[in-house]
2 protein chains.
Amino acid sequence: MYKTNDLNHRFVDMDASTTRTRILHVAERHYADRGFDGMSMRALTSEAGVNLAAVNYHFGSKKELLYSIFRERIVPMNAERLELLRKAAANSDGKPLALEVIFDAFLIPMARRATGSEGPDIHFLRMVGRSLAEEPDFWQRLYAEEFKGTVETFRQAIHRTMPELSEEELAVRFHFSIGAMLGLLVKHQQFLKEMEGRPGNRDIAALFQNLRDFLCAGFRAGLTNSGD
Amino acid sequence: MYKTNDLNHRFVDMDASTTRTRILHVAERHYADRGFDGMSMRALTSEAGVNLAAVNYHFGSKKELLYSIFRERIVPMNAERLELLRKAAANSDGKPLALEVIFDAFLIPMARRATGSEGPDIHFLRMVGRSLAEEPDFWQRLYAEEFKGTVETFRQAIHRTMPELSEEELAVRFHFSIGAMLGLLVKHQQFLKEMEGRPGNRDIAALFQNLRDFLCAGFRAGLTNSGD
DNA sequence: GTCTATAGTCCGATAGAC
DNA sequence: GTCTATCGGACTATAGAC
């Protein structure tokens, strides 16, 4: 068994002391800081305190290492999103959900992962943000595998809430929303630092609430008496 | 005279046949496609039909080449933005500008550069989008040099239009807007291709108008009777 | 100002001992 | 499963002829 990045290995060795997990955690930060071409397996393994050859032993290649990181982070986050949406729908008596509730279901699992300055999740959001600017081939395989279903479910939920919004308008506005989210993902640490100590200072949870309100208003642009 | 990337060389040799300009134009696309670490001076010079050593002769280094590209594109774009804002203010009898007018002044110079599938500007927008995810050191020097004044002028214009929005709220919403813009910058070609031939198909100018309306609505979130 | 040739460094991947 | 040692190739940058 040479390559071990198969499905059976998801979440089976999250003990932070294993070689495999040490690599995953350091790689996350290195990718967020430098991107795929900018990160070096030598620097990574050196900092993680593991041997250079361990990456190829455990993951097969640099690229497969990155795929593994994304899968192991994205799958539970999207599961959480769908579960929040499902619960909200279960409590709505079959009525369309308020736009705010839909966006909260999408944003809260993301915000939760950006809260607190410790923990391995802290670099994941910058990673996702960075990945959208990288080589389309690299990202699009991951997108097709892990994101498409979730995005489509949310798209349908919004459509039920705002049926007067054409399919194309909805797609465009969803696109803008993704951009605004990613801007926050990539820059949230830097942004919070800039606001630190200033009178209107706010934490990451407040920022995500601001984002939710901003996006909901954007979705309702040009429409009257709609969206709740 | 070894390094030639000084101010005197801005816009003096835009003749597409010179070695210096051929390098600039190809580098733009390569950076947009692969990022700083992913692009190679060998591949670039080979495709541009110039010698490998020409990059260091004309620009000094790979990094200085990138700085030159940004400066030579960003400076006229931001000048155009400020000019549009200035003209609008001159026609407003001293009254605050409508939010839509302010955003148009910011977005139209960008949209104009994304219109048409030919021309050297076509890759610039993807470049700007990509740069925000790159090494902060690299980007922040450029941001401080070339963007800060423009952003501050627009921030003040928005403040005059929406004085009830706190400084911090304005900063946060401006931040979200930048993210949404960049999302469109990075993905606009791919996005237009996806919508091609579908009933609600639209061109890049329409997309930027959609973006303007989306952002204006987002800025007005939670406020009543405001923003014009 | 353009070229060839190459210095010097770093890279991802792997063979093979243990 | 972890290690050393190294292969083969890519990179940026530059020296020096023309």
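Within every chain, numbering begins at 1; the chains are lettered A, B, ... in the order of the sequence lines, protein sequences first and strands thereafter. Values in this document were obtained by computation on a predicted structure and should not be read as measured data.
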Ion pair check, [X] and [Y], cut-off under 4.0 Å:
| X | Y | answer |
| --- | --- | --- |
| B:Glu83 | B:Arg86 | yes |
| B:Glu168 | B:Arg173 | no |
| A:Arg71 | A:Glu145 | yes |
| B:Arg34 | A:Glu134 | no |

Sorted by chain and number, sequence neighbours left out, salt bridge (charged side-chain N to carboxylate O under 4.0 Å, His left out) with A:Glu152 holds for A:Arg155
Note to self: Checking B:Thr19 now: which residues fulfil side-chain contact (heavy atoms from CB on, under 4.5 Å) with it, not counting sequence neighbours?
What the structure shows: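 If we apply the side-chain contact (heavy atoms from CB on, under 4.5 Å) test to B:Thr19, skipping adjacent residues, the hits are B:Ile23, B:Val50, B:Ala54, B:His58.
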Using whole Å, what does the distance between atom [atom2] of nucleotide [N] and atom [atom1] of [X] come to?
| X | N | atom1 | atom2 | result |
| --- | --- | --- | --- | --- |
| A:Phe36 | D:dA10 | CZ | C1' | 14 Å |
| B:Leu65 | D:dC11 | CG | P | 15 Å |
| A:Leu44 | C:dC10 | CG | P | 17 Å |
| A:Lys62 | C:dC11 | NZ | C1' | 8 Å |
| B:His58 | D:dA13 | NE2 | P | 15 Å |
| B:Phe59 | D:dT14 | CZ | P | 16 Å |
| A:Ile23 | C:dA13 | CD1 | P | 13 Å |

Nearest-nucleotide pick for [X], side chain only, options being [options]:
| X | options | value |
| --- | --- | --- |
| A:Met41 | D:dT2, C:dG12, C:dG1 | C:dG12 |
| B:Ser40 | D:dC11, D:dT2, C:dT2 | D:dC11 |
| B:Asn56 | C:dG1, C:dG12, D:dA13 | D:dA13 |

5' to 3', nucleotides 3-8 of chain C under a 4.0 Å protein heavy-atom cut-off (B base, S sugar-phosphate only, - none) gives BB-B--
Here the gap from B:Arg20 atom CZ to B:His25 atom NE2, rounded to the nearest 0.5 Å, amounts to 10.0 Å
*Report yes if a side-chain nitrogen or oxygen of B:Thr19 is closer than 4.0 Å to either non-bridging phosphate oxygen (OP1 or OP2) of C:dT2; otherwise report no.*
yes
